[in-house]
2 protein chains.
Amino acid sequence: MKNISKEDYLRIIFKHKNSDGEIKPNLIAEKLSVSNAAVTDMIKKLSHEGYTNYQKYKGISLTNSGETYARNMVRRHRIWEIFLNQVVGIPWDKVHDEANRLEHSSSDELINRLDELVGFPRYDPHGDPIPSKEGKMPKQKKYIALSKLKEGDSSVVVRVNDFDEKFLSYIAGIGIKLNETIKLLEKRDFDKSMLITIKGKQWNISEKLAENVFVEVKK
Amino acid sequence: MKNISKEDYLRIIFKHKNSDGEIKPNLIAEKLSVSNAAVTDMIKKLSHEGYTNYQKYKGISLTNSGETYARNMVRRHRIWEIFLNQVVGIPWDKVHDEANRLEHSSSDELINRLDELVGFPRYDPHGDPIPSKEGKMPKQKKYIALSKLKEGDSSVVVRVNDFDEKFLSYIAGIGIKLNETIKLLEKRDFDKSMLITIKGKQWNISEKLAENVFVEVKK
DNA sequence: TAAAAAATTTAAGTAAGCTTAAATTTAAAT
DNA sequence: ATTTAAATTTAAGCTTACTTAAATTTTTTA
């Protein structure tokens, strides 16, 4: 049996809420791999404890207190990621799962110390912003999905989605990483697959892949 | 509500079993701060899963499989301690509780990598031996409790008990640490308290304290 | 806009890891 | 060798975080 904790729910809500600050139970269930019923249950508890706003059949949102807690979980997660990558030397595509466990098992003092050790970075190894100790979010650079590039465009990788380690391993394998240059050679209309160049090598990538890599277009 | 896990039980059994490899439920309950009933319950489960040997009202012991698992938990715990101390810079008297949580949340690969980073040390910051990846236990140096010293003896600290952070903070405060020299000036018969010298300073310590610090007598 | 599909909630039930209280067994003390 | 005390086990019950199945509500589609 799984044992996803309240902290996981809060972090996932924070990460996937829409521009109105709301999220549907369905999405939480999917992200945490639990049933919808489990989500309903947990959201009731979180609301009771003042971390979420909830009305039956309506969207879920974080209260101020929930937002603060969740942001801190995001901080813990991303600081572990960058620490594991930079100090411990774990490849950037392998840090997510480890961080997922460690984030629940460390004191704020430890997190702050790790933050200091890596020099208070503003982004984690996937390009996601790291909230400061005071809860301030660094501005995310402007980016578009790789799938939105036009033929002939050159771009620089700014962020990648970290939802799946298999995906990360694959893109790491073809040389995609932060700050790497990607050029779009061809795009096929029938399946939206693309031919790209990375470090002089050409690769065919699917639309799905391209939707999860984010770039800044070079002028 | 607490949630001590099977891994905690195994580590505690390993650490506190007597020379016959046995431990009483009572001691486990005390070390984990749970009721005796909880221990009975858990030992039944562990025995069912093949980690412990158990017969009602008799001592508890680890099976081979339990021993291996437990030794690995000890390894995880002690490697986290030494890593937190040496790389992260947390004082040696403050690493125990943090390690207590982290030990359950890290993969063996991570632990092995941390081990490598700190140079495969053989002892943790309290002087306890760290099992190798292959499960080999470094020999513990010969030592006696500080309380067993004779007046006039000079000694070097080899190990301290890490059962209580308050205790560790206190002894750290008076300058006790691994490899530090301690000289016994006086011992009072009526309460077994002692007057000692550390780095030229004199301190009065209780018998209880002296029983939890272990030293090698200097010739 | 009515029917079908999807999402959400409720209900009932499970497993883990505890608790206290009572019953039983073992160990200690007279 | 009894009696008393301590340790251990059993019993009953609690909370957390799940599950599946059924009921309800919302959304989509024809």
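Throughout, protein chains are lettered first and strands after them, A, B, ... in sequence-line order, and every chain is numbered starting at 1.
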Ignoring the backbone of [X], work out which of [options] is nearest its side chain.
{"X": "Lys6(A)", "options": "dA17(D), dT8(C), dT8(D)", "answer": "dA17(D)"}
{"X": "Ala37(B)", "options": "dC18(D), dC18(C), dA11(D)", "answer": "dA11(D)"}
{"X": "Ser35(A)", "options": "dT20(D), dT8(C), dA11(D)", "answer": "dT20(D)"}
{"X": "Asp41(A)", "options": "dC18(D), dT9(C), dG17(C)", "answer": "dC18(D)"}
{"X": "Tyr9(A)", "options": "dA17(D), dT9(D), dC18(D)", "answer": "dC18(D)"}
{"X": "Met42(A)", "options": "dC18(C), dA16(C), dC18(D)", "answer": "dC18(D)"}
{"X": "Ala38(A)", "options": "dC18(D), dT9(D), dT19(C)", "answer": "dC18(D)"}
{"X": "Lys45(A)", "options": "dA7(D), dT10(C), dT16(D)", "answer": "dT16(D)"}

Nucleotide [N], atom [atom2] - distance to [atom1] of [X] in whole Å:
{"X": "Lys58(B)", "N": "dT8(D)", "atom1": "NZ", "atom2": "C1'", "value": "12 Å"}
{"X": "Ile43(A)", "N": "dA17(D)", "atom1": "CD1", "atom2": "P", "value": "12 Å"}
{"X": "Leu46(A)", "N": "dT16(D)", "atom1": "CG", "atom2": "P", "value": "12 Å"}
{"X": "Asp8(B)", "N": "dC18(C)", "atom1": "CG", "atom2": "C1'", "value": "14 Å"}
{"X": "Tyr57(A)", "N": "dA23(D)", "atom1": "OH", "atom2": "C1'", "value": "8 Å"}
{"X": "Ile23(B)", "N": "dA7(D)", "atom1": "CD1", "atom2": "P", "value": "14 Å"}
{"X": "Asn26(A)", "N": "dT27(D)", "atom1": "CG", "atom2": "C1'", "value": "12 Å"}

Kindly say if [X] contacts the phosphate of [N], meaning a side-chain N or O under 4.0 Å from OP1 or OP2.
{"X": "Lys56(A)", "N": "dT10(C)", "value": "yes"}
{"X": "Lys44(A)", "N": "dT10(C)", "value": "yes"}
{"X": "Tyr54(B)", "N": "dT9(D)", "value": "yes"}

- For Asn36(B), report the nucleic acid contact type (base, sugar-phosphate, nothing); a contact means any heavy atom under 4.0 Å.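 Here Asn36(B) touches the bases of the nucleic acid.
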
- Query: Contact class for Lys24(A) vs. all strands (heavy atom < 4.0 Å): base, sugar-phosphate, or nothing?
  - Reply: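 Since only primed, P, OP1 and OP2 atoms lie under 4.0 Å of Lys24(A), the category is sugar-phosphate.
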
- For residues Glu98(B) and Ser107(A), is any side-chain donor paired with an opposing acceptor at under 3.5 Å?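 Yes, because at least one side-chain N or O of Glu98(B) sits under 3.5 Å from a partner of the opposite role on Ser107(A).
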
- Message: Whether the Asn100(B) and Arg11(B) side chains hold a donor-acceptor pair (N or O, under 3.5 Å, no angle test) is what I'd like checked.
- Response: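 Looking only at side-chain atoms, Arg11(B) and Asn100(B) do form a donor-acceptor pair, the distance falling under 3.5 Å.
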
- Among Ile90(B), Asp162(B), Ile82(B), which residue meets the side chain to side chain contact (heavy atoms under 4.5 Å, CB included) test with Pro125(B)?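 Testing Pro125(B) for a side chain to side chain contact (heavy atoms under 4.5 Å, CB included) against Ile90(B), Asp162(B), Ile82(B) leaves exactly one candidate, Ile82(B).
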
- Item | Residue of the set Arg78(A), Arg76(A), Arg75(A), Lys133(A) for which side-chain hydrogen bond (donor to acceptor under 3.5 Å, both in side chains) holds with Asp115(A) |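 Per the side-chain hydrogen bond (donor to acceptor under 3.5 Å, both in side chains) rule, the option paired with Asp115(A) is Arg75(A), out of Arg78(A), Arg76(A), Arg75(A), Lys133(A).
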
- Task: Please work out whether the ring planes of His77(A) and His96(A) are parallel, tilted or perpendicular, with thresholds of 30° and 60°.
- Result: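 Perpendicular, since the angle between the ring planes exceeds 60°.
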
